[in-house]
**Student:** 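There's a structure below that I have some questions on.
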Amino acid sequence: MSQSLTINRQLVLAERPQGEPNKDTLRLETSTVPKPAPGQILLRTEYLSLDPYMRGRMSDAPSYAAPVALGAVMEGGTVAQVVVSHLEGFNPGDWVLCANGWQDFAVSDGEGVTVLGPDLAHPSWALGIMGMPGFTAWAGLTQIGLPKPDETVCVAAATGPVGATVGQIAKLMGCTVVGIAGGAEKCAFAVNDLGFDACIDHKSDGFANQLKAATPKGIDVYFENVGGAVFDAVLPLLNTAARIPLCGLVSGYNATALPTGPDRMGWLMGQILRKRLTMRGFIIFQDFGHLYPEFATAMTDWLAAGKIHYREEVIEGLEAAPRAFIGLLRGESFGKRVIHVGPEKMIENKEGVI
Ligand code: NDP
């Protein structure tokens with residue numbers, strides 16, 4: 001079923017996954033399109049962002065944000081168009097950045113809705129390079145990583161929207177950049193298209209030794225996106241006073257328990273102490289939201305100058321989102337994964353069509 005002006009498709013959380021989400025995790029429901037009251041706007045979703053954090057929202061384990069309730073529309077960042085406006089400052093046809101979640105239409109009072117304007121060359125980029133992932137890369141690197149020219153920066157999930165941006169900004173700052181990615185194709189892309197100095201396949205034999213060979217001067221900044229076996233290989237290579245922006249641990253998002261094996265907490269703490277490592281976790285908008293304008297200015301300039309390469313993977317149709325999300329956590333995505341929910345140009349006149 002494609003997007004229509006009369007039916008609102010919604011993907012709701014049907015059950016909390018144990019381990020990897022599956023076909024029963026989300027349920028497709030339909031309802032009538034809501035009508036905006038005075039002081040409200042009706043928004044039609046054009047693009048839905050898929051992001052690793054959504055796995056956390058499916059769980060009711062304690063976290064920095066509340067879980068999605070069972071039966072509620074799955075949360076998600078969206079780029080939408082204003083269809084009807086009864087609210088000053090919003091005009092039919094305006095693109096907006098909002099959090100409609102996994103559905104076609106939503107009514108809003110404007111809170112948390114950012115007007116992007118009527119004409120955008122790349123509306124979906126507000127969910128990627130100009131939005132949360134790009135901002136996360138910039139802030140984690142510049143505020144915690146603090147790289148200096150000629151230092152070695154290492155980043156995992158190196159071709160994803162965060163990792164690719166981290167590495168490219170580090171190159172612009174004069175660093176040597178070594179990426180870690182899954183598979184030869186992603187690694188070739190990191191070197192040939194993103195300009196990394198090297199990229200090591202974490203699925204290949206001898207990964208730890210290859211990473212050591214690729215970082216002859218050690219690692220000064222490790223931007224952590226994945227954790228697990230990748231971090232095990234990185235930790236011995238960290239230099240004295242290295243910085244670790246702890247951004248994400250996607251290798252463990254589907255885990256139901258801590259890994260078995262010997263307790264290595266003492267070893268980790270010893271490394272932090274003896275090497276005087278700085279490891280800081282951060283949640284982008286809670287820690288650095290005030291810096292967004294600074295990031296947006298810098299990234300706009302870099303993109304205009306062709307200094308940052310951005311790869312996006314657009315998947316058609318809301319119904320494709322659940323499977324696409326499972327694949328995202330498996331490493332199947334290549335670049336920023338977004339769902340194209342609806343056809344553009346559904347707004348037929350300035351008054352709106354509903
Ligand atoms: P990506 O699109 O890069 O997707 C995740 C990638 O992680 C996969 O493509 C895969 O890449 C890699 N991966 C998955 N499982 C494993 C594994 N077991 N071992 C190694 N690599 C694995 O994600 P994003 O760029 O959107 O996000 C990157 C990280 O940043 C995530 O952890 C996310 O949660 C975090 N984040 C944190 C924010 C914050 O405020 N702290 C804000 C935004 C994102 P590959 O195939 O190359 O291995």
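Counting convention: from 1, in listed order, for ligands and their atoms alike. Note that the structure is a prediction, hence the values are computed from the model and not measured.
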**Student:** Hey, is the main chain of Asp220 close enough, under 3.5 Å, to the side chain of Lys148 for a donor-acceptor pair?
**Tutor:** no
**Student:** Would you mind checking if Lys307 and Asp301 are paired as a salt bridge, meaning a charged N to carboxylate O distance below 4.0 Å?
**Tutor:** no
**Student:** Who are the residue neighbours of ligand 1 when the rule is a heavy atom under 4.0 Å from any of its atoms?
**Tutor:** Pro52, Met132, Thr136, Ala157, Gly160, Pro161, Val162, Ala181, Gly182, Lys186, His202, Asn225, Val226, Val230, Cys247, Gly248, Leu249, Val250, Ser251, Tyr253, Phe282, Ile283, Ile284, Leu328, Leu329, Gly331, Ser333
**Student:** Find out if a path of hydrophobic residues (ILVMFWY) with successive side-chain heavy-atom gaps under 4.5 Å connects Leu249 to Met279.
**Tutor:** yes
**Student:** Got a sec, which residues hit side-chain contact (heavy atoms from CB on, under 4.5 Å) with Glu312, two or more places apart in sequence or on another chain?
**Tutor:** Ser124, Trp125, Tyr310, Val314, Val338
**Student:** What's the spacing between Asp104 CG and Leu318 CG if we round to 0.5 Å?
**Tutor:** 6.0 Å
**Student:** In terms of side-chain geometry, is the basic nitrogen of Lys186 or Asp193 positioned less than 4.0 Å from the acidic oxygen of its partner?
**Tutor:** no
